[in-house]
Protein chains: 2
Amino acid sequence: MSIGPMGIARRATISDVAREAGTGKTSVSRYLNGETNVLSSDLRARIEAAIKRLDYRPNQMARGLKRGRNRLVGLLVADITNPYTVGVLRGVEAACHALGLMPLVCNAANEVEMERRYLQLMTTYRVEGVIVNALGVEEETLRPVGEGGTPAVLVDRSIEGLSADMVGLDNGEAVAMGMRHLLEQGFDDIRFAVQPYESVSSRRLREAAFRAALEQAHALRGAGAEPLRGETMVLDLSDAEAVARTHEAVDRHLQEAGGRRVAYFAANGPVALSLALHLHARYGSRWQERVALMSIDDSEWAELIGVTAIRQPTYAIGYRAVEFLHERIEGGVEPAREAMLAGELVVRRSTAWREED
Amino acid sequence: MSIGPMGIARRATISDVAREAGTGKTSVSRYLNGETNVLSSDLRARIEAAIKRLDYRPNQMARGLKRGRNRLVGLLVADITNPYTVGVLRGVEAACHALGLMPLVCNAANEVEMERRYLQLMTTYRVEGVIVNALGVEEETLRPVGEGGTPAVLVDRSIEGLSADMVGLDNGEAVAMGMRHLLEQGFDDIRFAVQPYESVSSRRLREAAFRAALEQAHALRGAGAEPLRGETMVLDLSDAEAVARTHEAVDRHLQEAGGRRVAYFAANGPVALSLALHLHARYGSRWQERVALMSIDDSEWAELIGVTAIRQPTYAIGYRAVEFLHERIEGGVEPAREAMLAGELVVRRSTAWREED
DNA sequence: TTGTAAGCGTTATCAC
DNA sequence: GTGATAACGCTTACAA
């Protein structure tokens with residue numbers, strides 16, 4: 001690092017290195033890009049020394065400007081506060097690292113407006129591609145990006161009218177697996193709790209799978225069997241009053257159930273947490289004697305209080321998303337693909353335990 | 001967006017806009033930079049229209065190259081998996097947004113080697129400053145960066161020999177507050193659980209504050225009083241075997257304590273979680289009848305099972321860090337500052353509840 | 001094997 | 001008011 005006027009440090013440039021090594025920029029550039037076979041070992045050594053002496057680091061921005069690729073990929077997430085997101089992020093980072101990419105992480109904090117802004121900001125930095133796990137980006141926001149523009153890969157949720165690679169949980173199988181478990185355990189009163197699901201594909205699929213499983217179970221039981229109760233319950237976490245109302249509905253449900261232990265199947269981690277917090281606040285630390293909670297998304301607290309979960313392969317999802325994106329960046333032109341990764345059922349006390357225990 | 005050869009989309013450049021608007025690049029640049037007073041309203045309108053028509057977005061990289069500042073700031077975190085980190089991240093993002101900066105988030109996943117690599121990578125992208133919450137970066141890695149080089153702000157922990165702005169929890173007061181509470185509640189057997197603390201300033205300060213509080217309490221009690229037991233217990237989360245050994249030590253401690261309820265004061269969230277998981281696995285869901293857990297760092301699960309916590313103002317910490325950094329970026333030259341933000345005690349059942357309840 | 005020169009998309013300098 | 005033109009730090013023909 002050299003010192004410029006006024007004692008302010010200035011980073012060395014490729015020209016500085018060339019001068020220091022007594023050569024031209026071209027050779028230095030060649031050295032940097034590993035075209036080592038075209039360089040005499042003498043020159044190579046001089047360049048190497050000069051670089052070390054000046055503590056030179058090539059400027060990625062300038063490099064990107066010239067080459068048209070700066071190795072930046074954008075990662076837009078709806079909510080970094082959600083452990084699911086963090087898991088995906090870890091996978092994304094690992095894959096980026098392995099592929100020589102640099103992730104630019106943006107958290108929209110559940111604000112649709114933020115999502116749009118960040119997406120714009122990213123294109124401004126000329127990211128080579130984007131990975132999107134968003135709440136409400138619309139097809140039009142991504143369109144210029146999706147077709148011939150910046151490649152995009154969707155995570156967890158597809159966007160209506162946009163055909164892009166997408167990777168996420170195999171929702172249908174995950175919910176079916178959960179329901180199979182619940183029914184095997186003999187639960188006959190099951191509520192499926194989910195955030196408003198019209199506009200988010202993964203939620204929609206999960207809810208549909210829940211109803212499908214329910215109907216199938218009905219059919220199997222036949223006429224004479226004991227009735228099977230099942231219902232979808234919408235929990236809008238973005239609206240405190242709506243949450244309160246839904247919590248009250250839960251209370252009424254438990255009241256009706258009398259002493260009978262009912263099951264709640266949460267469509268994701270945040271929903272499960274909201275439910276658990278309410279139940280704990282309302283019925284004390286022994287609330288699990290009244291309701292069996294089960295959730296898509298595993299978490300620290302699920303293990304801590306013994307709640308059954310369907311663990312999502314978040315790391316793999318993030319990793320795969322980057323792999324997809326990388327292929328597109330390198331010019332892949334296959335039609336849009338979909339990777340649906342399997343969830344893993346982690347059975348804990350909440351559902352293993354029957355009333356008679 | 002215009003279409004280049006082979007149908008491949010190419011983003012419009014400033015030259016395209018100039019041509020489309022029938023003017024020169026200079027005027028377009030002026031328009032972009034808000035030097036609107038120097039432009040005739042006619043020209044201004046034409047440029048505006050051209051920009052809209054071409055969906056033009058200035059290239060930040062090129063801009064940065066020319067201006068020498070690209071509005072990128074690096075955020076290096078030790079572990080994105082830690083909720084503390086996520087809290088800080090949110091504050092950082094909000095502040096960056098407010099100040100027109102773009103955070104480049106790097107997660108070192110608890111690997112010291114990664115930290116070094118990412119720090120290098122960031123300088124390669126010519127970030128204007130860095131915010132560092134790292135495990136083991138050494139002073140030398142940051143030195144060129146800290147002095148006259150890229151400004152740096154430290155979060156949660158200082159680095160030996162490096163004088164840089166730093167922001168974090170007021171550790172002394174936080175621990176003192178926690179100890180005051182524990183003693184008031186009548187606990188007389190208190191273990192302070194902390195990760196290896198020699199090399200991480202915040203841990204060291206917390207441990208020291210624990211011992212100080214203990215001694216003070218001893219002094220206050222005088223000779224005739226019942227004995228007060230207190231001990232520091234190191235829990236090395238990076239080493240599974242060490243963790244197991246420490247967990248066993250916990251078991252022995254509980255055994256010795258007989259039926260008496262003892263207190264565990266965890267120096268941070270991950271430590272508290274490790275303890276809670278062990279206790280739950282070992283003593284079942286009613287483990288809190290044997291030990292009162294309290295922790296620096298609040299979390300979802302702490303509320304869910306009623307564990308007392310000292311909440312860190314993570315959002316404010318992140319926000320403040322960016323403010324500090326911004327001042328440096330703008331050329332501030334004050335000596336290194338330190339912001340110690342106050343924690344908040346959140347009392348829950350774990351400590352409010354006495355044995356006789 | 002090495003170097004010269006043009007150009008990536010901006011902004012800054014200086015003329016008109 | 002406006003617009004050439006020269007950088008910024010790099011890569012890449014093209015020459016030598």
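Lettering follows sequence order; numbering is per chain, from 1.
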Please check: side-chain N/O of B:E115 versus main-chain N/O of B:L135, any donor-acceptor pairing under 3.5 Å?
yes
Between C1' on D:dT2 and CG on B:N37, what's the gap in Å once rounded to a whole number?
14 Å
Does the pair A:R116/A:E113 count as a salt bridge with the N-to-O cut at 4.0 Å?
yes
Would the distance check show the side chain of B:R46 and the main-chain N or O of B:A21 forming a donor-acceptor pair, the cut-off being under 3.5 Å?
yes
Whole angstroms only, please: what is the OH-P distance between B:Y31 and D:dG1?
18 Å
What is the distance, rounded to the nearest whole Å, between atom CZ of B:R44 and atom P of D:dG1?
10 Å
Out of the candidates B:T23, B:I51, B:L32, only one should pair with B:V17 under the side chain to side chain contact (heavy atoms under 4.5 Å, CB included) rule; please name it.
B:I51
Is the backbone of A:N70 close enough, under 3.5 Å, to the side chain of B:Y125 for a donor and an acceptor to pair up by distance?
yes
Between C1' on D:dC10 and CZ on A:R71, what's the gap in Å once rounded to a whole number?
16 Å
Go along nucleotides 4-11 of chain C 5' to 3' and tag each nucleotide: B for a protein heavy atom under 4.0 Å from its base, S when only backbone or sugar atoms are that close, - otherwise.
BB-BBBBB
Let me check the geometry of the helix from C:dT1-D:dA16 to C:dC16-D:dG1. What is the bend angle between the axes at its two ends, five pairs each, to 10°?
40°
Do the side chains of B:R328 and B:E334 get close enough for a salt bridge, i.e. N-O under 4.0 angstrom?
yes
Taking atom P of C:dT13 as reference, at what distance in whole Å does atom CD of B:E35 sit?
11 Å
Nearest-Å distance for atom pair CZ/P, residues A:R19 and C:dG3:
14 Å
Do the side chain of A:E128 and the main chain of A:R71 share a donor and acceptor less than 3.5 angstrom apart?
yes
For A:R69, is there an ion pair with A:E330 - N to carboxylate O distance below 4.0 angstrom?
yes
